[in-house]
Amino acid sequence: MLKKNLKRYAGMLAAIAIVSGTMGNAIPAYAANVTDTTYEVNVSSSSGLFTQVSPRDKHNNSKVYVNISESPYTYVHVRVYGNRNGIIYHNETVGTTATVKKGVASSITNNCYEHKADGESTVLAKVGFRSASSLTGKVKGVWSPDSTKNYTVVN
């Protein structure tokens, strides 16, 4: 009986030691930033600059979600920009530029989170749009910096 109780108490003490040893070193967890934000931007032709939206926190290495609901053309060039050092945004789109079709929920592969500054748990990300043709016009839709799944992967 004494041996059985000693084993039980030793097991409980070991479990407590393991839990207490890891609790002090806990890393804060951040929920993915998957809420859709609407955008409406005037874009330049395919030879012009990308019109960027306001940045949002990116919490993980998932793809960026973009869905273009309105556009005068079928395809739009999209880039994902990440803020590595608090000042300058870099194009973090894998393959430099993604081509997104109007009306198609799309996932854009990027390296924003992978290139965040050391010691940071999040990075700021934003998307930029440009026409895939010589036409200019207004582009509307929704985007989110993190995604819970892969939609149509465009790059």
Side-chain angles (χ1 to χ4, degrees), residues 15-16 18-155:
I16 290 170
I18 290 169
V19 170
S20 65
T22 59
M23 293 300 279
N25 298 325
I27 297 171
Y30 294 94
N33 194 356
V34 297
T35 304
D36 287 350
T37 296
T38 59
Y39 59 85
E40 181 177 324
V41 294
N42 290 314
V43 298
S44 62
S45 69
S46 60
S47 61
L49 299 174
F50 283 78
T51 304
Q52 299 175 20
V53 301
S54 297
R56 295 178 56 197
D57 285 342
K58 181 161 180 51
H59 295 285
N60 61 39
N61 64 355
S62 66
K63 293 173 175 45
V64 166
Y65 167 74
V66 172
N67 195 341
I68 298 169
S69 58
E70 294 182 38
S71 169
Y73 19 80
T74 305
Y75 293 96
V76 178
H77 289 157
V78 182
R79 286 185 177 168
V80 177
Y81 298 91
N83 185 328
R84 297 182 194 178
N85 58 8
I87 300 169
I88 300 171
Y89 283 85
H90 300 271
N91 180 9
E92 298 288 1
T93 312
V94 171
T96 309
T97 302
T99 302
V100 176
K101 186 175 182 179
K102 177 175 64 173
V104 176
S106 301
S107 296
I108 302 175
T109 310
N110 66 90
N111 289 314
C112 290
Y113 191 80
E114 292 82 350
H115 292 158
K116 70 184 184 317
D118 288 341
E120 295 295 323
S121 56
T122 62
V123 65
L124 289 174
K126 59 185 174 178
V127 288
F129 300 90
R130 178 178 77 183
S131 172
S133 72
S134 60
L135 299 175
T136 62
K138 189 175 291 190
V139 174
K140 295 180 184 180
V142 295
W143 81 285
S144 66
D146 296 322
S147 185
T148 56
K149 69 177 191 174
N150 285 338
Y151 297 89
T152 299
V153 180
V154 292
N155 63 331

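All values reported here derive from a predicted model rather than from experimental measurement.
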Taking the side chain as C-beta and beyond, is there a heavy-atom pair between [X] and [Y] under 4.5 Å?
X: Ser107; Y: Lys149; result: no
X: Pro72; Y: Leu135; result: no
X: Ser106; Y: Tyr151; result: no
X: Leu124; Y: Asp57; result: yes
X: Trp143; Y: Ile68; result: no

Closest heavy-atom pair and its distance - [X], [Y]:
X: Val80; Y: Cys112; value: CG1-SG, 3.4 Å
X: Ser46; Y: Ser134; value: OG-N, 4.4 Å
X: Glu120; Y: Lys116; value: O-CE, 2.7 Å
X: Ser144; Y: Arg56; value: CA-NH1, 3.5 Å

Can you tell me how far [atom2] of [Y] sits from [atom1] of [X], rounded to the nearest 0.5 angstrom?
X: Lys138; Y: Thr51; atom1: NZ; atom2: OG1; value: 12.0 Å
X: Thr35; Y: Asp146; atom1: OG1; atom2: CG; value: 10.0 Å
X: Tyr65; Y: Thr152; atom1: OH; atom2: OG1; value: 10.0 Å
X: Thr109; Y: Lys63; atom1: OG1; atom2: NZ; value: 4.0 Å

Is there a donor-acceptor contact under 3.5 Å from the side chain of [X] to the main chain of [Y]?
X: Asn110; Y: Ile108; result: yes
X: Ser47; Y: Ser45; result: no
X: Asn155; Y: Ala98; result: no
X: Asn61; Y: Tyr113; result: no
X: Lys58; Y: Asn60; result: yes
X: Ser131; Y: Ser133; result: yes
X: Ser147; Y: Ser62; result: no

Requested in this report: May I ask you to check whether over 12 heavy atoms, not counting those of Lys101, lie within 6.0 Å of atom NZ?
Outcome: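 No, because the 6.0 Å sphere around NZ of Lys101 holds 12 heavy atoms or fewer from other groups.
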
Query raised in the report: Hey, are Ser44 and Arg130 close enough side-chain-wise for a donor-acceptor pair under 3.5 Å?
Result: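 Distance-only check fails for Arg130 and Ser44.
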
Query raised in the report: Who are the side-chain hydrogen bond (donor to acceptor under 3.5 Å, both in side chains) partners of Gln52, not counting sequence neighbours?
Result: Lys126

Report task. Give the intermediate values and the outcome of side-chain contact (heavy atoms from CB on, under 4.5 Å) for residues Tyr73 and Val139. Result -> CA-CA 9 Å; Tyr73 19 80; Val139 174; 4.0 Å; yes

Requested in this report: Please determine which of Val66, Val100, Asn42 meets the side chain to side chain contact (heavy atoms under 4.5 Å, CB included) test together with Phe129.
Outcome: Val66

Report task. Just do the side-chain contact (heavy atoms from CB on, under 4.5 Å) check on His115 and His90 with the steps written out, would you? Result -> CA-CA 10 Å; His115 292 158; His90 300 271; over 6 Å; no

Query - Sequence-distant partners of Phe50, ring-ring contact (aromatic ring centres under 6.0 Å, His included), two or more places apart - result: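 For Phe50, no residue satisfies ring-ring contact (aromatic ring centres under 6.0 Å, His included) once neighbours in sequence are set aside.
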
